[in-house]
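Structure record follows, encoded as structure tokens.
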Amino acid sequence: MANHGAEAANQDHTPGHTSGHTRDHTPDSDDTRDRYDPSALEALWQSRWDEHGTNRFTLDEFRSAEDPYYNLMMFPYPSAEGLHVGNIYAFTGADVHGRYHRLRGREVFEPIGFDAFGIHSENFALKVGLHPMDLIPKNVANFTRQLRRIGGMFDWDHTVDTTTPEYYRWTQWLFLQLFKGGLAEQKEAPVNWCPSCMTVLANEQVISGLCERCDSAVEQRRIAQWFFRITDFAQRLLDNLDDLDWSETTKKAQSNWIGRSEGAFLRFPMADEPSADTGSGKADSGMTSPANRAETVDVFTTRPDTIFGATYMVLSPEHPLVDRVTLPEHRPEIDAYRKQASAMDLVARQKTDKTKTGVFTGGHCVNPATGERIPIWIADYVLMEYGTGAIMAVPGHDQRDFEFATKFELPIPRVVAGPDDTADTPLEEAYVGPGRLVNSGPFDGLPIDEAIAKVTAWLDEKGAGEKTINYRLHDWCISRQRYWGPPIPIIHCARCGAVPVPEEDLPVVLPRVEDFKPDDSGISPLARVEEWYRTECPDCGGEAERETDVSDTFLDSAWYFLRYPSTDIADAPFDPAITRRWLPVDTYIGGNEHAVLHLLYARFVTMALHDLGHLDFEEPFTRFRAHGLIIREGAKMSKSKGNVVVPDPIIEEYGADTFRLYLMFLGPFEEGGDYRDLGIQGPFGFLKRLWETVVDDLDPDPEAAPDPDVERKLHQTIEQVTRQLPELQYNTSIAAMMEYLNAVRSGGRTPVRAEVEPLVVLVAPFAPHIAEELWSRLGHAESLWDAAPWPDFDPEKMAEDTITLAVQVNGKVRGTVELPAGASQETALAAARDEPNVARHLAEVELRRVIHVPDRLLNLVVG
RNA sequence: GCCGGGGUGGCGAAAUCGGUAAACGCAGGGGACUUAAAAUCCCCCGGGCGAAAGCCCUUGCGGGUUCAAGUCCCGCCCCCGGCACCA
């Protein structure tokens with residue numbers, strides 16, 4: 001838009017300099033210049049803020065900030081479709097928070113960036129036949145345009161794009177730190193393989209057996225992978241949750257994901273098998289070699305107290321001991337079963353309602369409690385990923401084992417008796433309730449809690465096991481056999497093994513490869529680029545090859561918040577002094593879909609960097625709030641339904657201020673809301689009315705005294721908004737401001753400046769452009785955002801002098817009376833008796849009791 | 001099955017410590033202004049009975065505590081999100 005005059009007038013913007021821009025910002029003719037024209041006005045202020053560096057920090061400012069506030073939101077993945085309402089909703093909610101603190105005088109750093117590596121981008125590039133290196137910059141440019149348009153308080157001098165070598169250089173550096181710290185290791189492991197995406201997936205990316213991206217059934221494969229040892233931190237990650245100011249739902253999701261369970265690790269010695277028919281059946285028949293005798297089947301159980309009822313063992317079909325324990329005559333059956341299990345996709349494998357299957361191996365263990373030989377089976381209801389991949393089956397007290405034992409006619413003894421049971425009460429199903437041990441030798445009669453401790457201690461003494469803690473959490477597999485990610489900075493040398501790339505050689509630049517389509521080989525496309533992967537060993541100088549896998553996108557986003565304030569620093573990932581001043585992040589706002597993925601990894605990386613001496617804190621986000629989800633007209637938005645809200649035309653028509661205000665008005669920010677197309681009229685009308693109030697209708701006397709009733713309402717409104725904004729209670733804050741403006745304009749009265757100016761500031765976090773414009777029109781030379789003029793409220797001015805007291809008779813409202821605030825019970829009662837309808841209900845009954853809640857109600861109990 | 005979060009007018013939603021249920025907004029109805037429309041402004045707007053005054057009912061369902069329950073307790077039902085053969 002054209003506003004050359006205004007721009008020129010503002011070139012030397014300094015405090016005290018009244019530029020006169022309050023009137024000359026629209027070069028149009030006189031009759032249109034005072035109309036509320038959001039698009040023009042928003043463009044004007046955005047360019048002014050940009051010129052003045054209103055939202056940008058210099059390196060010096062980072063180093064010297066006295067009251068820093070790091071306001072973070074989850075950076076977007078720049079898709080080709082552009083920003084969707086969900087993004088804008090989240091960013092606006094976070095921006096409102098940042099702007100509020102800015103108006104309170106904090107130095108608010110609010111960065112944004114782009115999480116642009118990963119399978120999403122790569123698959124889309126493949127689909128449209130473009131190279132991601134060409135596609136991503138376009139998407140980033142489009143996102144940047146949109147992000148600027150919505151008026152976020154972003155520091156555009158400190159953005160990150162995870163796909164630039166300047167950024168991923170440090171992602172690779174991070175990998176090396178973890179590698180050197182012993183927290184990264186390569187191991188062959190069964191992994192989730194998506195046959196459609198042709199890549200390995202993290203457990204978190206598998207949603208009930210399906211690929212979270214393409215819904216293909218996930219298969220199992222064994223590939224050498226790089227892992228981060230996040231499980232080493234499981235207990236700390238869990239313990240620290242107690243002290244984090246995070247949304248409860250997010251903390252709960254993390255603690256479920258970590259999945260701590262207390263129990264025991266137990267060793268069941270393998271029994272040697274009677275060759276042919278020696279028939280003795282005793283463990284030490286002399287046929288057992290010493291090596292064999294040492295072999296055990298190890299299990300994890302949360303119910304060591306039930307060990308006397310363990311009548312068989314079950315190994316997962318993938319368990320490494322299966323071959324050892326299987327007797328030759330059972331071999332064909334076992335092999336067939338294992339083949340069937342491995343062919344089965346994880347959906348079918350994890351279906352819980354299917355009937356139990358399994359095969360006897362022919363092998364046996366000795367139950368260390370009873371000394372009895374018990375058979376070893378394999379069954380797919382035992383998962384290799386959890387615990388040791390083997391269980392002791394206690395059919396009497398575990399429903400899964402009960403079903404299995406019933407089907408295969410294995411014994412089902414009772415070892416726990418409930419309050420109404422005896423040791424011999426038959427079991428119709430597994431009994432898992434409270435009770436006391438039975439049929440358990442010396443432990444009979446003990447309640448479960450006590451028995452768990454005593455039995456475990458007893459087994460420990462016998463060397464048969466010990467108390468332990470098991471976690472559901474797995475190590476983080478970060479290898480991806482794909483193209484679009486940072487190469488893992490490792491060089492494989494036949495002589496020296498896996499050698500880290502020297503830090504001074506970083507970044508290992510991702511080469512431009514035209515043929516980046518993944519294939520079914522399980523090998524990265526980079527393995528096709530010989531001139532790239534052939535290199536020398538940094539240690540011995542011999543021929544060597546680069547690691548051709550790239551790292552998981554979640555690694556890029558696990559540390560980006562450390563980079564933002566230090567993007568001016570070229571020779572370190574984050575500057576120690578700046579980091580000390582600005583981190584940990586004060587408030588982080590984002591979607592709960594990242595509760596266990598991104599947020600847990602970011603915590604792990606921070607904790608690891610802390611332990612390795614790079615950071616002096618171990619939790620990255622002091623406060624985290626999960627925002628809700630936006631639906632439309634009661635239905636989930638999706639591309640396939642064609643009911644997605646497209647933000648650009650709405651912003652075009654109503655302006656970013658209205659759109660922001662409307663999104664925040666839909667419902668509680670932390671619960672989301674229902675976007676109804678017509679609803680935007682309310683917030684639009686409000687801003688328009690506010691505009692007219694200041695621009696057209698204001699009392700010309702700037703010193704005019706406020707109306708006492710309006711002033712009282714003003715202080716009540718300031719109080720409410722000041723209390724609710726930092727708690728993200730945006731919808732009710734907006735309602736309060738609307739109510740206040742209604743009071744200011746009621747009966748078409750002429751508003752005075754003292755009534756209106758504070759409202760302009762209150763509304764500013766939601767509608768920053770119109771607020772700045774009105775602030776300027778009210779005669780202020782300094783930007784609203786630099787002046788930090790958050791209004792104070794005066795409790796005395798808030799107080800009502802007369803109140804309406806509800807009068808109840810027997811709990812039912814029969815009338816109201818007007819009274820001076822703080823009126824005594826006697827006064828209230830007298831007034832109530834004078835109220836005709838109340839008097840009617842008091843006639844001919846006896847007043848038995850009076851309940852007086854001062855200034856609220858009077859309840860007269862009669863009978 | 002387990003763990004969260006919910007269920008309030010036609011709709012989105014409000015409601016400190018238990019104290020006048022439905023603030024604010026949308027949609028709808030009526031009116032003013034206008035040649036007309038848009039925009040704007042004013043009034044009405046949970047249900048039932050009543051001419052009115054007023055009375056009765058109403059926060060998913062059923063009980064309970066209390067002078068008083070959307071709010072607290074017990075038992076259910078339904079919706080949304082997460083986890084799920086986790087030993």
Could you write out each protein N or O paired with an N or O of nucleotides 42-49 of chain B at a distance under 3.5 Å?
none

**Request:** Go through the steps for A:Phe300 and A:Phe265 under the test ring pair (Phe, Tyr, Trp, His ring centres under 6.0 Å), then give the verdict.
**Result:** CA-CA 5 Å; A:Phe300 172 72; A:Phe265 182 75; 8.3 Å; no
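- Comparing B:G9 with B:G75, their C1' atoms sit 29 Å apart, to the nearest whole Å.
- Legend: salt bridge (charged side-chain N to carboxylate O under 4.0 Å, His left out) pairs involving residues 675-690 of chain A, not counting sequence neighbours, sorted by first then second residue: A:Arg632-A:Asp677.
- Annotation: cation-pi geometry satisfied between A:Arg472 and A:Trp257 (NZ/CZ under 6.0 angstrom from ring centroid, within 45° of ring axis).
- Looking at residues two or more places apart in sequence or on another chain, you find no ring-ring contact (aromatic ring centres under 6.0 Å, His included) involving A:Phe793.
- Spacing of P atoms, B:C79 relative to B:C85, comes out at 23 Å, to the nearest Å.
- Mapped onto RNA chain B by nearest heavy atom, A:Gly387 and A:Gly682 fall at different nucleotides, with A:Gly682 at the one closer to the 5' end.
- Annotation: salt bridge (charged side-chain N to carboxylate O under 4.0 Å, His left out) contacts involving residues 298-313 of chain A, sequence neighbours excluded, comprise A:Arg303-A:Asp305.
- If you take atom P in B:C73 and the same atom in B:A84, they sit 31 Å apart, rounded to whole Å.
- In this view, A:Thr693 and A:Arg745 satisfy the side-chain hydrogen bond (donor to acceptor under 3.5 Å, both in side chains) rule, not counting sequence neighbours.
- Cation-pi geometry between A:Lys356 and A:Tyr381 is satisfied (NZ or CZ under 6.0 Å from the ring centre, within 45° of the ring normal).
- Applying the side-chain hydrogen bond (donor to acceptor under 3.5 Å, both in side chains) rule to A:Arg840 yields the partners A:Asn837; only residues at least two apart in sequence or on another chain are considered.
- One atom, CG of A:Leu687, and another, C1' of B:C24, lie 15 Å apart when rounded to the nearest Å.
- For A:Thr804, the side-chain hydrogen bond (donor to acceptor under 3.5 Å, both in side chains) partners two or more places apart in sequence, or in a different chain, are A:Glu818.
- Taking the side chain to side chain contact (heavy atoms under 4.5 Å, CB included) definition, one finds that A:Asp696 meets it with A:Asp34, A:Glu692, sequence neighbours left out.
- Minimum atom distance to the side chain of A:Thr302 is reached by B:A87, of the listed B:C86, B:A87, B:G54.
- A search for side-chain hydrogen bond (donor to acceptor under 3.5 Å, both in side chains) contacts involving A:Glu262 returns A:Arg260, not counting sequence neighbours.
- Residues satisfying the ring-ring contact (aromatic ring centres under 6.0 Å, His included) test with A:Tyr89, not counting sequence neighbours, are A:Phe669.
- Closest to the A:Arg676 side chain, of the nucleotides B:C67, B:G25, B:A87, is B:G25.
- Comparing the C1' positions of B:C76 and B:C57 gives a spacing of 24 Å, expressed to the nearest Å.
- The distance between atom CG of A:Leu597 and atom P of B:G81, rounded to the nearest whole Å, is 17 Å.
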**Fill in**
A correct dot-bracket answer for RNA chain B, with pairs being Watson-Crick or G-U at under 3.5 Å, [ ] for crossing pairs and | for inter-strand pairs, is (((((((..(((......[....))).(((((.......))))).((((....))))..(((((..]....))))))))))))....
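- Taking atom P on both nucleotides, B:G62 is separated from B:C78 by 16 Å, rounded to a whole Å.
- Here the C1' atom of nucleotide B:A87 and the CZ atom of A:Phe300 are 8 Å apart, to the nearest Å.
- In this structure, of B:G81, B:A87, B:C55, it is B:C55 that holds the atom nearest to the side chain of A:Arg814.
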**Fill in**
The contact string for nucleotides 13-23 of chain B, one letter per nucleotide 5' to 3', using protein heavy atoms under 4.0 Å with B, S and - for base, sugar-phosphate only and none, comes out as SS----BB--B
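- Between B:G19 and B:U34, the two C1' atoms lie 49 Å apart (nearest whole Å).
- A:Lys251 comes within contact range of no nucleotide atom at all, as no heavy-atom separation falls under 4.0 Å.
- The P atoms of B:G25 and B:G6 are separated by 25 Å, rounded to the nearest whole Å.
- B:G82 adopts an anti glycosidic conformation, its chi angle falling more than 90° from 0.
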